[in-house]
Amino acid sequence: MTTQKRKRLAIFVSFTGRGGVERVILNLLQGMSAHEVDVDLLLVVGKRGFLPEIPWPNVRLIELKAKHSHSALFPLIKYLKRERPDVLMAAKDRPIRTAVLARWLSGVKATRVAGQLHTSILGFLEKKSAWQKWQRCAPMRWFFPKLDQIIGVSQGLVDETVKITGLPRSRMSALPNPVLTPDIYARSLEPVAHPWANDPTVPYILGAGRLDPQKDFPTLLRAFDRVRREFPCRLIIIGEGPLQAELETMIAQLGLQDCAALAGYTDNPFAWMKRAALFAFSSVYEGSGNVLIEAMALGVPVVSTDCPHGPAETLQGGKLGKLVPVRDDERLAAAILETLRHPLTAAELQAAVQPFTVENSTRRYLEVLGLLPKQGSV
């Protein structure tokens, strides 16, 4: 009796920081560690990147000794020739190009290549020049037809990819991110040092994310300035990034020093979320909106911009949280006030985000990648 060979998945990704994509990949690895699949994490580590800890016996970390996904081409070719994985999944559009080239140049035709997209390309390019838009979108039209599978983290992202590439939807799948780990609820009960998080007399609104233009915290600050005039509350924003000094100046200009604070980076946002009266999401573009899902899982009411892509799907078109136009502080303030006064129950919010558990999401990934039989099939 012969033993069936274990399937092998290689995930090729650039770890440029401690952001949403990195967390999604690590959560995927955690979920996949429970299955009979061997996984190789092929890392490109830039100057701001880091090497994660890999505690799972069926997951290997392989650093490709490259600073950019393009310069990882030849190390990736060597890996494919040596290991010949069943599937190579590349995260984000630039690593996807490298993965397609690596399979072609290696001659390892049996390895299927999948591309995973995390954020709106068109949203990112909204204010870019025509030349910059062509530089980013044309390679997608050239390389993506060579992929065996394209995965978007929301249906909106799949729709956008169809628009850019002209490829049929049958080549693509919208899969929920593995956002909710088993420990999120226990971690949400850990202490928070900030005094506002421990003052039950004044509720606080929470914002979270990198302090950069994509997250549009200036709109959130202007909206909060309107809210606090009608509803006694505070605003805490957790995260770090290049716009910190600009946001601090804006807080001072609006006279919000006593009720709005930038609390910096935390490795446990869940404890801050759990204590918040409301989570406010002000992004101008996304791919899914993981922090919205985390807040909802902890039973915290949410308000979001109707940005491309993800929030409208997660909030079921506004049924589970109000959606407002991007960069509209007046509408955002009105939605926050209405939600503070009439919040949904925790049970309604928590039930809606069950597809985003690591267990559910990971199984869907392995099924779509052909590494597990689909549930219900023989």
Side-chain angles (χ1 to χ4, degrees), residues 7-17 19-29 32 37-46 49 52 59-121 124 136-153 157-158 160-161 164-165 167 171-175 177-178 287-288 362 365-366 368-371:
K7 299 288 189 179
R8 181 172 296 279
L9 166 67
I11 299 177
F12 173 46
V13 62
S14 175
F15 265 40
T16 55
V21 175
E22 287 87 346
R23 288 175 61 191
V24 164
I25 295 299
L26 292 176
N27 288 351
L28 269 180
L29 294 178
M32 289 175 178
V37 176
D38 292 320
V39 185
D40 290 339
L41 179 61
L42 313 180
L43 277 191
V44 172
V45 181
V59 180
R60 295 190 302 179
L61 189 155
I62 299 174
E63 190 179 359
L64 294 178
K65 307 297 184 183
K67 300 298 183 184
H68 192 278
S69 56
H70 294 336
S71 60
L73 176 61
F74 290 106
L76 187 55
I77 290 171
K78 291 180 181 178
Y79 167 84
L80 290 175
K81 288 183 175 180
R82 182 178 71 250
E83 300 292 343
R84 299 178 178 267
D86 297 280
V87 180
L88 170 64
M89 184 176 77
K92 298 188 286 190
D93 62 316
R94 288 191 176 103
I96 288 171
R97 304 176 206 170
T98 303
V100 168
L101 281 174
R103 178 175 62 175
W104 176 55
L105 293 172
S106 69
V108 183
K109 297 180 181 179
T111 294
R112 302 189 305 279
V113 179
Q116 183 194 43
L117 296 171
H118 288 264
T119 194
S120 170
I121 299 296
F124 171 74
R136 197 66 181 267
C137 293
M140 294 175 69
R141 292 190 284 269
W142 301 335
F143 286 93
F144 280 34
K146 306 297 182 184
L147 293 169
D148 298 287
Q149 182 72 42
I150 300 170
I151 296 170
V153 299
L157 203 49
V158 166
E160 178 180 292
T161 306
I164 293 173
T165 65
L167 292 171
R171 301 276 299 277
M172 307 181 196
S173 298
L175 300 183
N177 266 338
S288 175
T362 299
Y365 265 87
L366 291 174
V368 165
L369 294 173
L371 298 172

Output yes when a side-chain donor or acceptor of [X] lies under 3.5 Å from a complementary backbone atom of [Y], and no otherwise.
X: T111; Y: P85; answer: yes
X: R171; Y: I150; answer: no
X: T98; Y: S69; answer: yes

Pairwise side-chain contact, [X] with [Y], heavy-atom cut-off 4.5 Å (strictly under):
X: L43; Y: V13; value: yes
X: N27; Y: N177; value: no
X: L167; Y: T161; value: no
X: S173; Y: V158; value: no
X: L366; Y: K7; value: no
X: L41; Y: P52; value: yes
X: F12; Y: V113; value: no

**Candidate list L42, I11, D40, L9, test side-chain contact (heavy atoms from CB on, under 4.5 Å), partner L88, passing option** =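 Considering L42, I11, D40, L9, a side-chain contact (heavy atoms from CB on, under 4.5 Å) with L88 is found only for L42.
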
For the student: nearest non-hydrogen atoms of [X] and [Y], plus distance:
X: R112; Y: L369; value: NH2-O, 2.6 Å
X: V108; Y: L80; value: CG2-O, 3.6 Å
X: L64; Y: A72; value: CD1-CB, 4.1 Å
X: P95; Y: A91; value: CG-O, 3.2 Å

**Message:** One pair to check against side-chain contact (heavy atoms from CB on, under 4.5 Å): M89 and L28. What are the steps and the verdict?
**Reply:** CA-CA 12 Å; M89 184 176 77; L28 269 180; 4.1 Å; yes

**Request:** Output, in order, the C-alpha distance, side-chain angles, deciding distance and verdict of side-chain contact (heavy atoms from CB on, under 4.5 Å) for Y365 and M32.
**Result:** CA-CA 9 Å; Y365 265 87; M32 289 175 178; 4.3 Å; yes

**Asked** Going through the distances and angles, do M172 and T165 end up as a side-chain contact (heavy atoms from CB on, under 4.5 Å)?
**Response** CA-CA 12 Å; M172 307 181 196; T165 65; 3.9 Å; yes

**Message:** List the residues meeting side chain to side chain contact (heavy atoms under 4.5 Å, CB included) with L101, not counting sequence neighbours, and say none if there are none.
**Reply:**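 In terms of side chain to side chain contact (heavy atoms under 4.5 Å, CB included), with neighbours along the sequence ignored, L101 is linked to L73, W104, F143.
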
**Message:** Show me the pairs that pass salt bridge (Lys or Arg N to Asp or Glu O under 4.0 Å) and involve residues 136-149, at least two apart or across chains.
**Reply:**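 Residue pairs with at least one partner in residues 136-149: D93-R136, R103-D148.
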
From [atom1] ([X]) to [atom2] ([Y]), nearest 0.5 Å:
X: H118; Y: L157; atom1: NE2; atom2: CG; result: 9.0 Å
X: S106; Y: R84; atom1: OG; atom2: CZ; result: 7.5 Å
X: L76; Y: K78; atom1: CG; atom2: NZ; result: 12.0 Å
X: S14; Y: I25; atom1: OG; atom2: CD1; result: 11.0 Å

**Message:** Determine whether H70 and R97 satisfy the following criterion, side-chain contact (heavy atoms from CB on, under 4.5 Å), listing intermediate values before the conclusion.
**Reply:** CA-CA 8 Å; H70 294 336; R97 304 176 206 170; 4.1 Å; yes

**Request:** For a salt bridge (charged side-chain N to carboxylate O under 4.0 Å, His left out) with E63, tell me which candidate from K67, K65, R60 qualifies.
**Result:**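 Exactly one pass, corresponding to K65.
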
